[in-house]
Amino acid sequence: MKNMFEAADVGEIKGRLERLKPESQRQWGTMSAAQAIAHCSAGIEMATGDINPPRALIGRILGPMIKSKALSNDEPMRRNSPTSKELVVRDKRDFEAERQKLYGLIDRFYAAGPQACTAHPHPFFGPMLPEQWAILMYKHLDHHLRQFAV
C-alpha cells in the first residue's frame, strides 16, 4: 500500500503538490487550497507528535473498527470525512509559505522513518503503528490533493 515511508510515494505526492495552485478550485468541502495545505501540515504534525489532539469519544467506540478497514486497502478517503477540531483551518493563509512548510514536513517525516511517529494515539483511530501513520499520511495528502483535482 502507498505510504509516506516509500520514496516513490513521497515523490508522487510532492509532484502533485507542485501542480496545486492558489486558484485551484475545490471539488468538495469549504477550504481554500492554502487552508488545505495548512491542514495537511497539521496532520503530519499530529503524526510526529508536534501536536497531540485528545481522543474523541466516538473514536474510542468506532475508531478501531474503522481503522482496520480504512488502513488495510488502497481506497481513497471519502469526501467530507470528519476531522479533529485541532486540524481545522479557518483563517486566511499564504499559499506559498504553507506549501514550503508542507514540503519540509513531508521531507522530515520521510527522512526520519518510523522513529518520527508519535506513540500518542490518533484522536479517532487510537493507537497507531508507524506503518499505519505512514499509510494514513499518504491517504490524507492524496485526499486533499484530489479535493483540488491534482
Side-chain angles (χ1 to χ4, degrees), residues 1-20 29-60 62-148 150:
M1 288 197 336
K2 293 188 174 194
N3 71 78
M4 296 305 288
F5 292 153
E6 295 294 330
D9 299 335
V10 169
E12 173 210 327
I13 291 294
K14 289 173 74 175
R16 290 168 63 194
L17 182 57
E18 183 62 32
R19 293 193 305 274
L20 184 65
T30 60
M31 289 186 286
S32 68
Q35 289 170 323
I37 293 171
H39 169 76
C40 288
S41 290
I44 295 177
E45 289 172 331
M46 181 175 61
T48 59
D50 294 342
I51 60 173
N52 295 304
R55 290 291 310 274
L57 177 60
I58 190 76
R60 291 179 186 272
L62 299 175
M65 178 180 59
I66 294 173
K67 176 174 73 171
S68 67
K69 292 181 184 197
L71 301 180
S72 64
N73 61 59
D74 280 325
E75 290 181 28
M77 292 174 68
R78 295 182 182 175
R79 292 181 176 197
N80 298 308
S81 297
T83 192
S84 178
K85 66 180 180 179
E86 291 82 3
L87 275 62
V88 173
V89 178
R90 291 193 173 94
D91 57 324
K92 187 173 176 156
R93 299 294 178 103
D94 177 86
F95 179 86
E96 196 54 42
E98 293 299 337
R99 179 163 47 190
Q100 292 308 313
K101 177 180 178 182
L102 183 53
Y103 280 141
L105 287 165
I106 289 170
D107 289 342
R108 179 178 138 208
F109 186 85
Y110 171 72
Q115 294 77 20
C117 296
T118 186
H120 187 80
H122 184 277
F124 185 78
F125 293 135
M128 302 264 288
L129 298 171
E131 294 76 17
Q132 292 171 319
W133 279 114
I135 292 167
L136 182 60
M137 291 304 97
Y138 177 88
K139 286 188 172 220
H140 188 238
L141 290 160
D142 171 68
H143 173 75
H144 288 292
L145 291 167
R146 284 186 306 104
Q147 180 182 14
F148 290 91
V150 294

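- In terms of heavy-atom proximity, Pro123 sits nearest to Met46 at CD-SD, 3.4 Å.
- In this structure, Ser32 contributes its side chain and Gln35 its backbone to a donor-acceptor pair below 3.5 Å.
- Residue Gln147 comes nearest to Gly29 through the heavy atom pair NE2-CA, 4.0 Å, listed as atom of the first residue, atom of the second, then distance.
- Summarising the geometry of Ser41 relative to Leu105, their closest heavy-atom pair is CB-CD1, 3.5 Å, with the distance given to 0.1 Å.
- Two residues are said to be in side-chain contact when any heavy atoms from C-beta on lie closer than 4.5 Å; Asn73 and Lys139 meet this criterion.
- Counting all heavy atoms, side chain and backbone alike, Glu45 lies closest to Thr48 at O-OG1, 3.2 Å.
- For the pair Glu75 (side chain) and Ala70 (backbone), a donor-acceptor distance under 3.5 Å is absent.
- The closest donor-acceptor contact from the side chain of Glu6 to the backbone of Asn3 lies at 3.5 Å or more, if one exists at all.
- Smallest separation of non-hydrogen atoms from Pro54 and Glu86: CD-OE2, 3.3 Å.
- Within the model, atoms NZ of Lys14 and CG of Leu102 stand 9.5 Å from one another, a figure rounded to the nearest 0.5 Å.
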Practice prompt. Just do the side-chain contact (heavy atoms from CB on, under 4.5 Å) check on Met31 and His144 with the steps written out, would you?
Written response: CA-CA 10 Å; Met31 289 186 286; His144 288 292; 3.5 Å; yes
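- Annotation: side chain of Arg93 is not in contact with side chain of Ile37 (no heavy-atom distance under 4.5 Å).
- For the residue pair His120 and Trp133, the shortest heavy atom distance occurs at O-CZ2, 3.8 Å.
- Val10 pairs in a side-chain contact (heavy atoms from CB on, under 4.5 Å) with only one of the listed residues (Phe109, Phe5, Tyr110), which is Tyr110.
- Taken to the nearest 0.5 Å, the NE2 atom of His143 stands 10.0 Å off from the CZ atom of Phe148.
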**OP:** Decide side-chain contact (heavy atoms from CB on, under 4.5 Å) for His122 and Leu136; before the verdict, give the C-alpha distance in whole Å, the side-chain angles of both, and the deciding distance to 0.1 Å.
**Re:** CA-CA 10 Å; His122 184 277; Leu136 182 60; 3.6 Å; yes
### Task
Could you go through the side-chain contact (heavy atoms from CB on, under 4.5 Å) check for His39 and His140 one step at a time?
CA-CA 10 Å; His39 169 76; His140 188 238; 2.9 Å; yes
Report task. Dump the intermediate steps for side-chain contact (heavy atoms from CB on, under 4.5 Å) on Leu71 and Met128, then the final yes or no. Result -> CA-CA 10 Å; Leu71 301 180; Met128 302 264 288; 3.9 Å; yes
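- With rounding to the nearest 0.5 Å, the separation of CD1 in Ile51 from OG in Ser84 is 7.5 Å.
- In this structure, CD1 on Ile135 lies 13.0 Å from NZ on Lys2, to the nearest 0.5 angstrom.
- At distances below 3.5 Å, at least one donor-acceptor pair connects side-chain atoms of Arg99 with backbone N or O atoms of Leu17.
- Side-chain N or O atoms of Arg16 include none that pairs as donor or acceptor with a backbone N or O of Leu141 at under 3.5 Å.
- Leu62 places a side-chain heavy atom less than 4.5 Å from the side chain of Phe124.
- Taking CD from Glu12 and CG from Asp9, the interatomic distance works out to 6.0 Å, rounded to the nearest 0.5 Å.
- Of the charged side-chain nitrogens involved, none lies within less than 4.0 Å of a carboxylate oxygen, so that Glu98 and Lys101 do not count as a salt-bridged pair.
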